[in-house]
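Read through the structure below, which is laid out as structure tokens, and then see the notes.
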Amino acid sequence: MSEKRQHFLNEFDWICKGLMFEPRGHDMMSGSIIYPAHDADNDFAVLFIETSGCLPMCGHGTIGTITIVIERQLIVPKTPGIVRMETPAGIVLVRYKEEKGKVKSVKFINVPSFVAAENIEVICPGRGMLEVDVSYGGNFYAIVDKQKNFTGIQNYSAGELINWSRNIRKYINANHEFVHPVDSTIRGCSHILWTGDVIDKNSTARNAVFYGDKAIDRSPCGTGTSARMAQWFAQGKLKEGQPFIHESIIGSKFIGTVEGITEVGNKPAIIPGIEGWAKIYGDNTITIDTDDDPYAYGFQVI
């Protein structure tokens, strides 16, 4: 699937732009493309797409995709209640709970996640100097914790976070190189994870994830939650098996757990588990006609 991702990026990025960008999509649009499994032991394979391109892994995309393929019977798992899914980042094991034809919850065991760098200083116009950690959870995330020049997402607008994120990401990638130790095609800091105060006092933490050019994730972000759990575990703030209830900018929640400890290359890593739910809201037929549509491949207004 890593090879398929590279092929898709090189040859079929127009599909991503046509579906994800306006007028067919929007800045926060995500999608998945389903393939047959390459290994007979697995159930199916998937490429995840969004406005930023084709991702190595997507957590909320996994939860949504599993919900759809099970409820619409697009796949029949070899073992009921368990799905082995191939992604560009690796094999993801998924367990789901089904009642009367509806998927009530999905928990996936993500790819190993690890801290790539700590206490990087970045210059953020409008905020000044910020310190960030960069952590991998299927994508590379710059995590901005509360500090002198950033007091938490509850004190700023989504527009401010988006504007700062573009500058921070550009600065980080200009001054640092992040490459996955095992798959060198996974590289670069693509997401910015801003932290803040929880809405529900029973939650563990809250975040707002920036991706693409102007998107803030409405979900708690599965790969972002994995990256943040790896950070917390490295800091001694999270123990194996301890629930990590992660809120999004709108208060939706994922439940994370450290399922195990491993290594990626020479880096200590965790095996994250992420649980959430999704709903099917409808069906749509989308066409891309290049003959007479100047916006066949979509557009963005930044």
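All heavy atoms count here, side chains included; hydrogens, waters and symmetry mates do not.
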Under 3.5 Å donor-acceptor, N110 side chain and G137 backbone: yes
Residues S135, Q231; criterion side-chain hydrogen bond (donor to acceptor under 3.5 Å, both in side chains); working and verdict: CA-CA 7 Å; S135 190; Q231 179 207 33; over 6 Å; no
Residue pair T151, Y156: steps toward the side-chain hydrogen bond (donor to acceptor under 3.5 Å, both in side chains) verdict: CA-CA 9 Å; T151 56; Y156 309 100; 3.1 Å; yes
Salt-bridge contact R127-E160 (side-chain N to carboxylate O under 4.0 Å): no
Audit row: T223, N139, side-chain hydrogen bond (donor to acceptor under 3.5 Å, both in side chains) steps and yes/no: CA-CA 7 Å; T223 55; N139 305 285; 3.2 Å; yes
Non-hydrogen side-chain atoms of I261 and I271 separated by less than 4.5 Å: no
Polar side chain donor-acceptor pair, S248 to S219, under 3.5 angstrom: no
Side-chain heavy-atom pair F8, C16 within 4.5 angstrom cut-off: yes
Atom NZ of K237 with >12 non-hydrogen neighbours under 6.0 angstrom: yes
Sidechain-backbone polar pair: R218 side chain, I216 backbone, donor-acceptor under 3.5 Å: yes
Donor-acceptor contact present, side-chain T87 to main-chain A89, <3.5 Å: yes
Side-chain (S113) to main-chain (A230) donor-acceptor, under 3.5 angstrom: no
F114 and H180 aromatic ring geometry - parallel, tilted or perpendicular at 30°/60° bounds: perpendicular
E98 side chain reached by K104 side chain, heavy atoms, under 4.5 Å: no
Shared hydrophobic cluster, I68 / I66 (ILVMFWY, side-chain heavy atoms < 4.5 Å): yes
Close side-chain approach of P77 to Y96, heavy-atom, < 4.5 Å: yes
Co-membership, hydrophobic cluster, residues L130 and I123, 4.5 Å side-chain: yes
Sidechain-backbone polar pair: T51 side chain, D27 backbone, donor-acceptor under 3.5 Å: yes
Sub-4.5 Å side-chain heavy-atom contact between H60 and D217: yes
Test log, rule side-chain hydrogen bond (donor to acceptor under 3.5 Å, both in side chains), inputs T185 and D183: CA-CA 5 Å; T185 68; D183 185 349; 2.6 Å; yes
Considering all heavy atoms, the nearest I288-A296 contact: CG2-O, 3.3 Å
N-O pairing of D41 and K78 below 4.0 Å: no
Hydrophobic cluster identity match, I280 and V94, side-chain contacts under 4.5 Å: yes
R5 side-chain N/O to C54 backbone N/O, donor-acceptor pair under 3.5 Å: yes
Nearest heavy atoms of L9 and D13, plus distance in Å: O-CB, 3.8 Å
R206 and D200 ion-paired at < 4.0 Å: no
Between F244 and F254, ring centroids under 6.0 Å: no
Heavy-atom pair of closest approach, residues D213 and R166: O-NE, 2.6 Å
Where G222 and F108 come nearest, the two heavy atoms and their spacing: CA-CZ, 4.3 Å
Verify same cluster id: I249, L193 (apolar side-chain graph, 4.5 Å): no
Min side-chain heavy-atom separation I143-H191 under 4.5 Å: no
Qualifying residue for ring pair (Phe, Tyr, Trp, His ring centres under 6.0 Å) with W194, from F210, Y141, F150: F150
Atom of I168, atom of I192 and distance for their closest heavy-atom approach: CG2-CD1, 3.9 Å
Heavy-atom side-chain contact between P181 and N266 under 4.5 Å: no
H7 and F12 aromatic centres sub-6.0 Å: yes
W232 backbone acceptor or donor facing Q235 side chain under 3.5 Å: no
Contact check, side chains of I274 and I255, non-hydrogen atoms, under 4.5 Å: no
Derivation and outcome, side chain to side chain contact (heavy atoms under 4.5 Å, CB included), residues D43 and M85: CA-CA 6 Å; D43 292 293; M85 182 179 73; over 6 Å; no
Short N-O contact, D283 and R72, less than 4.0 angstrom: yes
Donor-acceptor contact present, side-chain R228 to main-chain H246, <3.5 Å: no
Closest non-hydrogen atom pair, E275 against K97: OE2-NZ, 4.3 Å
More than 12 heavy atoms from other groups under 6.0 Å of OH on Y295: no
Check: N42 side chain, H38 main-chain N or O, donor-acceptor pair, under 3.5 Å: no
V83 with M1, same ILVMFWY side-chain cluster at under 4.5 Å: no
NZ/NE/NH1/NH2 to OD/OE distance under 4.0 Å, R187 and E177: yes
Distance, nearest 0.5 Å, that separates CD of Q242 from CD1 of I245: 10.0 Å
